[in-house]
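Notes for the one structure printed next.
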Amino acid sequence: MDERKTLEQRASMTEVERLRHSASHVLATAILRIWPEAQFAAGPPVENGFYYDVDLAHRISPDDFEKIEAEMKKEIKANHPFERMEVSRDEALEMGKKGRLAALSDRNEPSKFKIDIIENIPVDEKISLYRDGDFVDLCAGPHVMRTGNIGAFKLTSVASAYYKGDEKNPQLQRVYGTAFKTKKELDDYFAMLEEAKKRDHRKLGKELEIYVIDDDVGPGLPLWLPRGAAMIEELEKLAKETEFAAGYQRVRTPHIAREILYKKSGHLPYYADSMFPPMELVTQASSLSGQAGFQPATAEGTAGALMENDQAGSLSYDRYYLKAMNCPHHHKLFAAIPRSYRDLPLRLAEYGTCYRYEQSGELFGLMRVRSMQMNDAHIYCTPEQFEAEFNAVNEMYLKYFKLFGIEKYLMRFSTHDPTKLGQKFVDEPELWKQTEVMTRNVLKNSGVDYVEVPNEAAFYGPKIDVQAWSAIGREFSIATNQVDFAQPRRFNLVYKDRDNTDKTPLCIHRAPLGTHERFIGFLIEHYAGNFPLWLSPEQVRILTIGDEPALIDYARKIHEELRAHQVRAELDLSTDKINGKVQCAEQMKVHTMFVIGKRDMEADAISVRVHGKGNLGAKPRAEVIADILLSIKERRP
RNA sequence: GCCGACGUAGCUCAGCUGGUAGAGCAGCGGUUUCGUAAACCGCAGGUCACGGGUUCGAAUCCCGUCGUCGGCUCCA
């Protein structure tokens, strides 16, 4: 039990929330009519509906919904009033013992979850029951006046949930439903869900041939098809241009590293669970040949046994991890060369590939994966430079958001909790204070929307996470910007300052475009697959009408001209009718179609059709191509 | 990871209570020569996720494994 809803929050429940909360009582009533032994836990309204958690030997399946809904309709038709009753704690417990809470009558088994809930209600708070018809439930309300006020409802799914969200508690069945005041609103809601399904990046990702996830390659390990890879190339080009202009230098680092690196960085053992298990390597020094041979040791037992031999001097043993983050590698690059204050700020950028062993149940399309390429960079700077650097990063974010037309976003500024210094957060009270003040100033001065979240900083410093919402309302944490004053010290990173002393730099971790995986997943939903020209996997498709040789030559010439300018153009010379070719290109959401017939050839023109805009008519060839090139160059929306 | 549902051709899906698979699209081969969202004919395509079991017989029933999806934060 974390926080209970306050009475004020309850009082401010909207009408639709009351209605849904009432619907959950009716749901419980219906379940009891069918399975009188059901034990109920919590049944609140939620964002898009309501649920009730129930403990029941029968496994409720969607096949049962019709039966349950029929019982619910009877209760609604009966139009029972919701009556509120205030009772003493003892009275409530007494009823609970008789199984009368969340029940239609007294029962043999006590209402165990309700009794537990009563015992957790603060002593100074009143206890109330609600009755509608035979059903009585422990409930603080509020409700609608009568069951008949519940307009249109539908059960939507059943899932499991731990009691109080704690995996040590028993699992309950959570029956979900939604309810609205009118049938029309309910229908609109389901229509909206249907629309959202069409934009789902997993569906579009497959249809538009952007990526696949293959069982044999592994869960959470997306493979990028040429169309997806083209988009990635564009994003990288954008990042490289932007970062070059902002004074970043590019570096490259391997995908694996020895265990010691992550021990130094402090990521092990805290992050071990979210890293792939290490590769064990055993080096055998052969005294005969004097050469070393490798043999992988897979089982822990083998490694252990070999380590004993190691002490005899003939074997040595090591572990390599797939990298889960790039920072330790970049810190090593900082350390590789003696640094002067004149070198700072030093900005090292890399689209680094990282691997994280996310729990199987957490994997989700491109949003939650196990291999990812991060738009990563680390900025090493002096405390004096920090504010300007952090601000520049922030401005880079805003520039990207503008380019992609991302309007709904929120910056979450996570700070430390001073009482947890030395435990959850590194024990540097002054540095925390300083960097948080500086970060807050940057946010305030830039005028962006942000919320401050105490106690959620990284262990090494305050951070900003950017949440954005795709067009279907799915929330994405797409970017991150973190301050780090701990790792540079752990790695003994120093620069020689003006006064000839060694000082430790601050480090800013930043990834404005997040990872390719999540960012492209976001863009697919954001644009519904209708990407701007510069980002489109297939920018232009040339469709010929007829196949006379002169016409084919003309189409080929245009195709070559586009390709010579690095435009992703394809040529459709198939024998389909023009309607068929247009349909095919439209379905793949090809940005621009050049429809070429005899008329165009004779006028040295191109008939242009743009996805979503239809036929724009014929224009001179040179003009059309110049416009395409300019649109790509300017990254027009 | 846990609970539940699901897994049939490249894709979308059909296949009733067990009698060893079917459509449309895509693909391939022809025919068609066409002006902005699907021309016509034919062919080919499947160890019904994988592994066990029950049965005379399994896509179908049972068990296990893998994978996908929905949940697991919002407490009366």
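All values reported here derive from a predicted model rather than from experimental measurement. Just so we're on the same page: letters track the sequence lines, and every chain starts at 1.
- As judged by a 4.0 angstrom heavy-atom cut-off over every strand, Tyr176(A) is placed among residues touching the sugar-phosphate backbone only.
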Pick out the pairs of N or O atoms, protein on one side and nucleotides 39-47 of chain B on the other, that lie under 3.5 Å.
none

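- Between the P atoms of C48(B) and U31(B), the separation comes to 37 Å (whole Å).
- Spacing of P atoms, G64(B) relative to A5(B), comes out at 12 Å, to the nearest Å.
- Remark: side-chain polar atoms of Glu525(A) are paired, donor with acceptor, to backbone N or O of His201(A) under 3.5 angstrom.
- Nucleotides C40(B) and G35(B) have their P atoms positioned 16 Å apart, rounded to a whole Å.
- For the C1' atoms, the distance from A23(B) to C61(B) is 27 Å, rounded to whole Å.
- Nearer the 5' end of RNA chain B, as judged by each residue's closest nucleotide, is the contact made by Glu548(A), out of Glu548(A) and Glu586(A).
- Here the side chain of Asp137(A) pairs no donor or acceptor atom with the backbone of Cys139(A) at under 3.5 angstrom.
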Determine, stepwise, if the pair Arg621(A) / Glu561(A) fulfils salt bridge (Lys or Arg N to Asp or Glu O under 4.0 Å). CA-CA 11 Å; Arg621(A) 177 175 54 90; Glu561(A) 187 177 353; 2.9 Å; yes

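- Side-chain atoms of Ser160(A) and base atoms of G71(B) include a donor and an acceptor less than 3.5 Å apart.
- Among the atoms of the strands shown, only primed sugar atoms or phosphate atoms (P, OP1, OP2) are found under 4.0 Å from some heavy atom of Ala41(A).
- Separation of the P atoms belonging to U12(B) and U17(B) is 24 Å when rounded to the nearest angstrom.
- Across all strands shown, Asp215(A) has heavy atoms under 4.0 Å from sugar-phosphate atoms exclusively, and none from any base.
- For the P atom pair drawn from C63(B) and G22(B), the interatomic distance equals 30 Å after rounding to whole Å.
- Ring-plane geometry between Phe276(A) and Tyr355(A) is classed as perpendicular, the angle between the planes exceeding 60 degrees on a 0 to 90 degree scale with a lower cut at 30.
- Distance noted for atom C1' between U68(B) and C74(B): 27 Å (whole Å).
- Among A38(B), U33(B), C11(B), the nucleotide with an atom closest to any side-chain atom of Gln583(A) is A38(B).
- If you check the side chains of Asp449(A) and Tyr409(A), you find no donor sitting under 3.5 Å from an acceptor.
- The ring-ring contact (aromatic ring centres under 6.0 Å, His included) check on His143(A) picks up His21(A), His25(A), Phe82(A), Tyr130(A), with sequence neighbours excluded.
- Mapped onto RNA chain B by nearest heavy atom, Arg202(A) and Ser128(A) fall at different nucleotides, with Arg202(A) at the one closer to the 5' end.
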Could you give the side-chain donor-acceptor pairs of residues 356-368 of chain A under 3.5 Å, partners two or more places apart or in another chain?
unit_1: Arg356(A); atom_1: NE; unit_2: Ala324(A); atom_2: O; d: 2.8
unit_1: Arg356(A); atom_1: NH2; unit_2: Ala324(A); atom_2: O; d: 2.8
unit_1: Glu358(A); atom_1: OE1; unit_2: Arg368(A); atom_2: NH2; d: 3.2
unit_1: Glu362(A); atom_1: OE1; unit_2: Arg368(A); atom_2: NH1; d: 3.3
unit_1: Glu362(A); atom_1: OE1; unit_2: Arg368(A); atom_2: NH2; d: 3.2

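- Comparing C69(B), C74(B), U36(B) by their closest approach to the side chain of Val582(A) singles out U36(B).
- Spacing between C16(B) and C28(B) at atom P, rounded to whole Å, works out to 34 Å.
- Closest to the side chain of Lys206(A), out of G70(B), U12(B), G1(B), is U12(B).
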